[in-house]
Number of protein chains: 2
Amino acid sequence: MEALETTLRTRKKAATRLSLHEAALRLAMERGLDGVTVEDIADEVGVSRRTFSNYFANKEDAVLHADRERTRALVALVEGRPAEEPPWQALRAAASELYRARQIPDPEWVAQLRLLRRHPSLLARQASDQFALERDLAAVLITRGHGLDDELARLMAATFLAAVRTGGVLWLESSGGQPLPDLVDRLLGRFQPR
Amino acid sequence: MEALETTLRTRKKAATRLSLHEAALRLAMERGLDGVTVEDIADEVGVSRRTFSNYFANKEDAVLHADRERTRALVALVEGRPAEEPPWQALRAAASELYRARQIPDPEWVAQLRLLRRHPSLLARQASDQFALERDLAAVLITRGHGLDDELARLMAATFLAAVRTGGVLWLESSGGQPLPDLVDRLLGRFQPR
DNA sequence: TTAATTCTTGCTCACTGTGCAAACTTGCAC
DNA sequence: GTGCAAGTTTGCACAGTGAGCAAGAATTAA
């Protein structure tokens, strides 16, 4: 996982993408998503509007870049869990790992959650991203065995992601009254897979 | 439920909205969503582009109109279930009722599902619609009592809608090998929050 | 150094979403 | 029916968007 191909070109691309994402998030926080144009974001980073389009299809995508990556990471974590672990337990453990891997509450993450609440169009994109990964997650679960059929795998993946998302929402609504990881883990514990 | 306020004005509006929805769905089926402009849809119905905008924010919304209504109906059905029914059972029953209430497979519904599969942007909107209703559904569940706390209610609502959505996807993938209602009911029986 | 590959940019164009004001339609009370 | 209030449709204008294309710049591999 460390053998990232890291040529100058690759690094520059990653940096630009990250900058665009950060600028998008920051500007959207300051002025609201509607108060920001694609051009504003591009200007902020010092690239052309056209270049922005080379990286992201629209501002929503730019804002949600980190969220997408997070979900991708989550799937990878599930993949990395010990094979003998039962599916639902592996999912719970992967979620815990995800939270443990970064400072909580990650300020950027919180900023994103807040934006999500105010802007339904963001929610829509986020969901779309998650759906795209539902398939992948289900595939990972099936590969892990444990006699999971396609149907149950899909259902678990959908349920799991819904629970994680709901955790975020609830946590934000409760103004962080309790640690996010605990909340999510409790939610995940409230299911009875069979 | 029958005492619909039905003035000419109201009926005309409903008719226009429905026509726009149907035109949007039909054209999208014929040419793919990207091959259809808002103007095409408006022309088809004999109304201006501006008027389209008075009814729907964009073509995705127009295509998904019926889906939105369906989910709304589902929430209403849950609300109508006997109070003594435990929450998850009420949800299952409501889903059954929803399917029973119309011909299966409803050709329009199938058309929509097919479009959803081909166009991620539709998935995004659909999700957004469902999220909006998750809150309402959770509220209904809480009103029904049974000692549901807010957290579990939200989790149940999210899980339930995810399962219903997954049912649709799986059914479509399996080319309708089994009746959709049965599939969804089995899913709902396999996985439940407690 | 050179040639090939990849990335950035500006230009253009069709399409979109919305504010606004003028016409038009409908509802309702007389 | 007439007339007025309330609601609806339309055209117009305008800023913003996403994508194709080709010229030029940067990076890579030789």
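Sequence lines set the chain letters: A, B, ... in the order given, protein chains first and strands last, and positions in each chain run from 1.
- Within residues 36-62 of chain B, the residues having any heavy atom under 4.0 Å from DNA chain D are, by residue number, B/V47, B/S48, B/R49, B/R50, B/T51, B/N54, B/Y55.
- The distance from atom CG of A/L20 to atom P of C/dC7 is 15 Å, rounded to the nearest whole Å.
- B/E173 has a carboxylate O that lies under 4.0 Å from a charged side-chain N of A/R154, or vice versa, which qualifies the two as a salt bridge.
- Although no hydrogens or angles enter the test, the distance criterion places a donor-acceptor pair under 3.5 Å between the side chain of B/W171 and the main chain of B/Q178.
- One atom, CZ of A/R11, and another, P of C/dC7, lie 14 Å apart when rounded to the nearest Å.
- Per the geometry, CG belonging to B/D34 stands 14 Å off C1' belonging to C/dA14, to the nearest Å.
- Distances shorter than 4.0 Å separate some side-chain N or O of A/K12 from OP1 or OP2 on D/dT27.
- Proximity of the aromatic rings of A/W88 and B/F191 is defined here by a centroid distance below 6.0 angstrom, and this criterion is met.
- In this entry the distance linking NZ of B/K13 with P of C/dT26 reads 13 Å, nearest Å.
- For A/E39, there are no salt bridge (charged side-chain N to carboxylate O under 4.0 Å, His left out) partners, not counting sequence neighbours.
- For A/R118, the salt bridge (charged side-chain N to carboxylate O under 4.0 Å, His left out) test picks out no residue, with sequence neighbours left out.
- Here A/Y55 is tied into one hydrophobic group with A/L20, A/L27, A/V36, A/V38, A/I41, A/V45, A/V47, A/F52, A/F56, each link being a pair of ILVMFWY side chains closer than 4.5 Å.
- A cation-pi geometry, defined here as NZ or CZ lying under 6.0 Å from the six-membered ring centre and within 45° of its normal, does not hold between A/R165 and A/F160.
- Note on residues 6-33 of chain A: pairs passing ring pair (Phe, Tyr, Trp, His ring centres under 6.0 Å), not counting sequence neighbours, are A/H21-A/H65.
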Could you pull out the protein-nucleic contacts involving nucleotides 2-5 of chain C (nitrogen or oxygen on both sides, under 3.5 Å)?
{"from": "C/dT5", "atom 1": "O2", "to": "A/R9", "atom 2": "NH2", "distance (Å)": "3.4"}

